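Please read these numbers as outputs of a predicted model, since none were measured by experiment. Letters A, B, ... are given to chains in the order of the sequence lines, protein chains preceding strands, and every chain is numbered from 1.
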Amino acid sequence: MSVVDILFRVDTICHKYEKYDIDKQRELNAYGDDIFARLYAAVENAIQTALNVPFFPLFSSVSVAFLLLLLHIHVFISMQKSEAALTENNRAAGAALNAEVRRTKGRLMDEIPKLRKLANKKVKGLTKEDIAVRQDLVLALPERIEAIPDGITGIQTAGWSSNSSQPQIKFDSEGQLDSDYFQQSEESSQFRQEYEMRRMKQDEGLDIISEGLDTLKNLASDMNEELDRQVPLMDEIDAKVDRAAADVRNTNVRLKKTLTEIRSSRNFCIDIILLCVLLGIVMYLYNALK
Amino acid sequence: MAASDPNKLISKADKLTRLSLTRWNADWKSATVLYEQAANGFRVARDYVNAKIAYEKASKGQEMLASPWDAAKHLESAAALAKDLSNWQEVGDFYRRASELYMECGRPQPASDALAKGARALEDSMSEEAIQLYTDACTILEDDGREQMAFDLYRAATNVYIKLEKYTDAASFMLRLGLAADKCNASNSQCKAYLSAIIIYLYAHDFKQAQQCYNDCYQIDAFVRSDQNRCASKLLAAYSDGDVEEIKRIAQSSTISNLDHVIIRLARKLPTGDVSALKSDNAEDEEQPLDEDDLT
């Protein structure tokens, strides 16, 4: 049996016995009809994965214990995104992680208006105080989201707090502008090489794209000219077909008139009467000759 | 009707049309019908010579019946059969006569179509005649105001000229194409035509002419704004620098690959002759006026 088969079988079995999966059921049943609580929990989870900080929820007495368990699990299992970003040596990977965090923050900011609307809705089993608490929580969310460090804010707050806490930053340090100071470290020269390689690759790709676009442009303008050529022909065809249609209609009408005239009932009766007269004459002659 | 023997039909029809003591008026109507039937019969029997003759006679009959359209159609069929028989002179004559009849009907388009068909048939054997037919076809279309249809004919005529190695004529045809395209606002075809003309001049190793052509075309707005203009200027610059590699690279570019295939073949064969000679010529011309003592 191949690995793929095993994977498939495992997936099907898990799917079949989903109702016994405690974590999943807890998650699904935790809030029932309470949309606000569900959305809020989702936002909290997102903040957690971005922050990697333990968090204690303040609402929903029924599910506090379950939520705590869930969030602790998230804390241990989720990726340490912003911490990792701060400690990342490779600057490119660090920048990518910071960008990820910033994206998450943007998404969360978009969710806040929805939460605000939901917080005002009345749900059964909740007191007036609970609703007030929810509104406060929603108000507190934006500040918490902004506080997540993502490479920009971290450096800003650190820099503005106090200069003395950053002993590495110096200006015009005298006596240290010797030959070693401007020497390219291995890291930076590698970085530059990588940059040049990527740039070349991008240039090549762009060249290929530009050639394809040239062909497309040529095809498109040729098609344009061809269509321009066809337009007067189509107009002519249109006029000719109109004329032909009018002719056919005329002919049809005339034909119909002629046919009704020929097959009119009057002629039919005349035919029958004449036939009878002819038969009568034949009978008379027959009788006379007999 | 005796459809089985076309010969009998022909002789019967001939008898109807020959004037004699007993017959004072030729009966063209029935004769034409018989001729057509005979021609079909011959064609099915693959007797091309007789079929051609029968079509000719049928066409004459239709002319007598004052229906130039049918006459022209029969002549076209006769011409197609003459092509199969490699009777080139007759092919040309038939197609010309057919086109005249179409013009009589007042239908210039089928007229030019007939001439174009004739020209295509004669391309290999009687190229001069073919070119004449193409030119006449283009003139007919231009008179009718339908230059759009003439593009293909111009291109075909240019190809024939190039085959005959008459490069100046080819280039001038391309310029005529450009003019026709200008009238219909077909700027893409126009710019391609001008670029092709410049390439033809360069292939004929007539750099001055090419340069002059480029300067003329530069006056035209649509050309100046186009890709083809850039390509042409690069090509001429490469020529004046004598840079063979650059010329070859430009010839591989996509702008040139979008032209007519005959022109592409010419472009790939550039540069013909000695490009460095052009370079030294240009250099000499430039140094003379730079005389500092000359205060005029």
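Of residues 226-242 of chain A, those residues lying under 4.5 Å from chain B by any heavy-atom pair are A:Asp228, A:Arg229, A:Pro232, A:Leu233, A:Glu236, A:Lys240. The stretch residues 166-188 of chain B places B:Ala186, B:Ser187, B:Asn188 near chain A, each with some heavy atom under 4.5 Å from a heavy atom of that chain.
In this structure, B:Ser254 OG and A:Asn218 CG are separated by 8.5 Å, a value rounded to the nearest 0.5 Å. Distance check: A:Asp222 CG to B:Lys192 NZ gives 4.0 Å after rounding to the nearest 0.5 Å.
Side-chain atoms of B:Ser189 and A:Glu225 include a donor-acceptor pair closer than 3.5 Å. No side-chain donor from either of B:Asn258 and A:Lys217 sits under 3.5 Å from a side-chain acceptor of the other.
Annotation: B:Lys163, atom NZ; neighbour count of heavy atoms from other residues, nucleotides and ligands within 6.0 Å is above 12. Around CD of A:Glu196, the count of heavy atoms belonging to other residues, nucleotides or ligands within 6.0 Å exceeds 12.
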